Amino acid sequence: MANTVNKNIIVPEVYAELVNEKVAGNVIVAQACEVLGDLKGKVGETLTMPKWAYIGDAEDIEVGTAMEVSKMKQTSTTATIKMIAAPAIAVNDYDDAVGLGNALNNASKQQGISIARKYDTDAIDEARKTVLQYEIANKDTVTFDEMNSILGLYGDDCNADDFSFIAIHSKFVPSFLKMDGFVDATKTFTQEGSGIQLNNVLGYFRGIAVVVSDRLYDTANQEGFILAIKKESIGLIPKETPFTEVERDASTRTNNIFTSQYYAMALINDAGVVLAQTVLPTIE
């Protein structure tokens, strides 16, 4: 029996949704991004992301005294709309039905992971622009006291539920496992299960999730680093879903699957991220 060729088996819109699901399931650091709406504009154009300043503490006034009116203070940052592309994948007609199904699922997974890792890389690059920096004593090692000093840069504004997480390179995992303040269940500020990594979450430090990603690595200085990231610190404006297009190569009866994505990303809260490592970057 001749093989039946179904040229319409890959529906780009459906495939793009599969990729989008895989992206959402594989981002680590980029989970901290605050989505600020749908992208408008073209690749290479710049757009503005808002930064809002605190209006100040309340003050005592006399009864009957008019209250001062303050305008919301806003600064802004710009971000460039960029296009990224996952490596294209070829799927041949002659795969059987089960094989083709697995191939498409695996292809969407691989392209989703590819895009997710690029999201993470860009989120890390933006986070490293922070002005809040802490110099740790030794490469790829952090102590309990140093972690408290890192969080101490936030002053009294250090509530656990304000944070997305603390992100670390895997080289720091042994340091955390040695901290009684991280793994000792008798401490009131530790959480049961800390030290058991699940879905890249190693545990909780003072109630803040600690996630592990080897993308937190400074190749110039050959060391891992730590990022403490508060919510709403990194802005992301994406296209709704990745874009998928299928190119038919009739000569080999192959469908080449191309998947790309447009988005803009920027650090939008200068006081929302702390970077810690032994050699700190110069902030321009």
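These numbers were taken from a predicted model, which means no experiment stands behind them.
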Quiz item: side-chain contact (heavy atoms from CB on, under 4.5 Å) between E126 and C33: does it pass, once the steps are laid out?
Solution: CA-CA 10 Å; E126 289 301 319; C33 291; over 6 Å; no
Taking every non-hydrogen atom, the tightest pair across [X] and [Y]:
X: K171; Y: Y217; answer: CE-CE1, 4.1 Å
X: T190; Y: A185; answer: OG1-CA, 3.6 Å
X: V211; Y: I28; answer: CG2-CG2, 4.1 Å
X: F176; Y: F182; answer: O-CD2, 3.3 Å
X: R128; Y: Q277; answer: NH1-OE1, 2.7 Å
X: S194; Y: G203; answer: OG-CA, 3.6 Å

I want to check something: taking the side chain as every heavy atom from C-beta on, are [X] and [Y] in contact at a cut-off of under 4.5 Å?
X: V274; Y: T130; answer: no
X: Y263; Y: K118; answer: yes
X: E146; Y: S175; answer: no
X: I234; Y: V29; answer: no
X: P281; Y: Q133; answer: yes
X: D157; Y: D162; answer: yes
X: I208; Y: L151; answer: yes
X: I81; Y: L47; answer: yes

Quiz item: For F165, which residues count as a ring pair (Phe, Tyr, Trp, His ring centres under 6.0 Å) partner, sequence neighbours excluded?
Solution: none
Quiz item: Apart from I196 itself, what residues make up its hydrophobic cluster, given side-chain heavy atom links below 4.5 Å?
Solution: L198
Practice problem: List, by chain and number, the other hydrophobic cluster members for F258, where Ile, Leu, Val, Met, Phe, Trp and Tyr join if side-chain heavy atoms come within less than 4.5 Å, directly or indirectly. | Solution: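 Members alongside F258: none; it stands by itself.
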Quiz item: Can you get from I237 to F243 by hopping between Ile, Leu, Val, Met, Phe, Trp and Tyr side chains that sit under 4.5 Å apart?
Solution: no
Exercise. Answer with yes or no whether the hydrophobic clustering places F144 together with I150; edges join I, L, V, M, F, W, Y residues whose side-chain heavy atoms lie under 4.5 Å apart.
Key: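 As far as the 4.5 Å side-chain criterion goes, I150 and F144 are connected within one cluster.
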Quiz item: Looking at residues at least two apart in the chain, or sitting in another chain, which of them share a side chain to side chain contact (heavy atoms under 4.5 Å, CB included) with D161?
Solution: N159
Quiz item: Distance only, no hydrogens: is a donor on one side chain within 3.5 Å (strictly under) of an acceptor on the other, for T254 and D249?
Solution: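 No pair is found: no donor N or O on one side chain lies under 3.5 Å from an acceptor on the other.
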Quiz item: Could you go step by step and tell me if T77 and I268 meet the side-chain contact (heavy atoms from CB on, under 4.5 Å) rule?
Solution: CA-CA 7 Å; T77 187; I268 57 174; 4.0 Å; yes
Exercise. Kindly say whether T141 contributes a backbone atom to a donor-acceptor pair with the side chain of N138 at under 3.5 angstrom?
Key: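 Side chain of N138 to backbone of T141: no pair is present.
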Quiz item: Which pairs, with at least one residue in residues 20-32 and sequence neighbours excluded, count as a side chain to side chain donor-acceptor pair (under 3.5 Å)?
Solution: none
Quiz item: Does the side-chain hydrogen bond (donor to acceptor under 3.5 Å, both in side chains) test come out yes or no for D145 and T143, once each step is laid out?
Solution: CA-CA 5 Å; D145 288 341; T143 66; 5.4 Å; no
Quiz item: Going through the distances and angles, do M49 and T78 end up as a side-chain contact (heavy atoms from CB on, under 4.5 Å)?
Solution: CA-CA 6 Å; M49 294 189 187; T78 59; over 6 Å; no
Exercise. Would you mind telling me which of L216, T278, I168, V142 makes a side-chain contact (heavy atoms from CB on, under 4.5 Å) with F225?
Key: L216
Quiz item: Taking everything shown except K139 itself, do over 12 heavy atoms lie less than 6.0 Å from its NZ?
Solution: yes
Practice problem: Mind checking side-chain hydrogen bond (donor to acceptor under 3.5 Å, both in side chains) for D270 and listing every partner two or more places apart, or none if nothing turns up? | Solution: K51
Practice problem: For side-chain contact (heavy atoms from CB on, under 4.5 Å), just list the numbers for L236 and Y119, CA-CA rounded to whole Å, side-chain angles, deciding distance to a tenth of an Å, and then say yes or no. | Solution: CA-CA 10 Å; L236 169 66; Y119 264 58; 3.8 Å; yes
